[in-house]
Undergrad: 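Just passing along the structure, written as structure tokens.
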Amino acid sequence: MKDNNGGLESVLAPDNLPAQMRVLVQLLTRRFQEVILPYDITPLHWGILCCLWREDGLTTRAIVDQLAQLGGTVTVGLDSMEKRRLVRRCPDEKDKRISRIWLTRRGANLEGKIVPVVKTFMGRIFSCLSEQEHQDLARLLERMQAHVEALDS
């Protein structure tokens, strides 16, 4: 990026890196939504399902923490998933104030249908990068996220 304004271009949208990252995230999200649309789920549903496919019976708080989402957002997602009969909420056996989220048979069966489709999608998305570039990008994004989270507001 050529900068003839004494550094100004490096901070002005749409040329700055955060703006470029935002556009990429929006594009990836849109494409991902197209891929999962036939399965009647949203990207949030996908994230919740992934958590439960790894470990069924999580609390809402555990899902919120894993997805780094706001609790209300996950609760709305879970409400929608319950209506679609993908999950069910049950009180925790030891602490009735806590609900655990369990996959229904329909939610569990969706894993075998949608994971291969998403795997193919992700392969296409990252096909422009070498394996090393893919690993480097993942490492850099993790470092940036940790750094930004640690910054004083």
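Because the structure is a prediction, the values reported are computed rather than measured.
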Undergrad: If two hydrophobic side chains count as joined below 4.5 Å and joins carry through other members, does Ile36 share a cluster with Val117?
TA: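 They do share one cluster, since a chain of ILVMFWY contacts under 4.5 Å joins Ile36 to Val117.
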Undergrad: List the steps and the verdict of salt bridge (charged side-chain N to carboxylate O under 4.0 Å, His left out) for Arg89 and Glu82.
TA: CA-CA 8 Å; Arg89 292 178 173 117; Glu82 249 186 331; 2.7 Å; yes
Undergrad: Mind listing the closest non-hydrogen atom pair of Trp46 and Val115 along with its distance?
TA: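 Scanning both residues, the minimum pair turns out to be CH2-CG2, 4.1 Å.
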Undergrad: Between Asp92 and Ile98, is there a donor-acceptor pair closer than 3.5 Å when you use the side chain of the first and the backbone of the second?
TA: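 Not at all, since once roles are kept as given, no pair shorter than 3.5 Å links the two residues.
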Undergrad: Should we say atom CZ of Arg106 is surrounded by more than 12 heavy atoms from elsewhere, each under 6.0 Å from it?
TA: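 Above 12, so yes.
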Undergrad: Can you see which heavy atom on Glu133 is nearest to which on Leu129, and at what distance?
TA: OE1-CA, 3.3 Å
Undergrad: On a heavy-atom basis, which atom in Cys51 and which in Gln66 lie closest, and how many Å separate them?
TA: SG-OE1, 3.3 Å
Undergrad: Please test Asp95 against Arg97 for salt bridge (charged side-chain N to carboxylate O under 4.0 Å, His left out), starting from the C-alpha separation and ending with a verdict.
TA: CA-CA 5 Å; Asp95 186 345; Arg97 297 170 296 172; 2.9 Å; yes
Undergrad: Evaluate whether atom CD of Glu93 has more than 12 neighbouring non-hydrogen atoms of other residues, nucleotides or ligands under 6.0 angstrom away.
TA: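 It does not: Glu93 CD has 12 such atoms or fewer within range.
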Undergrad: Judged by atom type as modelled, is there a donor-acceptor pair below 3.5 Å linking the side chain of Thr120 to the main-chain atoms of Pro116?
TA: yes
Undergrad: Spell out, yes or no, whether Leu67 and Val76 are grouped together once hydrophobic residues are joined by side-chain heavy atoms under 4.5 Å, including indirect joins.
TA: no
Undergrad: Looking at every non-hydrogen atom in both residues, tell me the closest pair between Thr73 and Leu44 and how far apart they are.
TA: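 Closest pair (atom of Thr73, atom of Leu44, distance): O-CD2, 3.3 Å.
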Undergrad: Is there a path of hydrophobic side-chain contacts, each under 4.5 Å between heavy atoms of I/L/V/M/F/W/Y residues, joining Tyr39 to Leu52?
TA: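 Yes; tracing contacts between hydrophobic side chains, which count when under 4.5 Å, links both residues.
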Undergrad: Evaluate the criterion side chain to side chain donor-acceptor pair (under 3.5 Å) for residue pair Gln20 and Asn16; output intermediate values, then yes/no.
TA: CA-CA 6 Å; Gln20 292 172 341; Asn16 68 26; over 6 Å; no
Undergrad: Test Arg61 against Asp65 for salt bridge (charged side-chain N to carboxylate O under 4.0 Å, His left out), laying out the working first.
TA: CA-CA 6 Å; Arg61 169 58 43 201; Asp65 291 345; 3.2 Å; yes
Undergrad: More than 12 heavy atoms of other residues, nucleotides or ligands under 6.0 Å from NZ of Lys119: is that the case?
TA: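 Not more than 12 within 6.0 Å, no.
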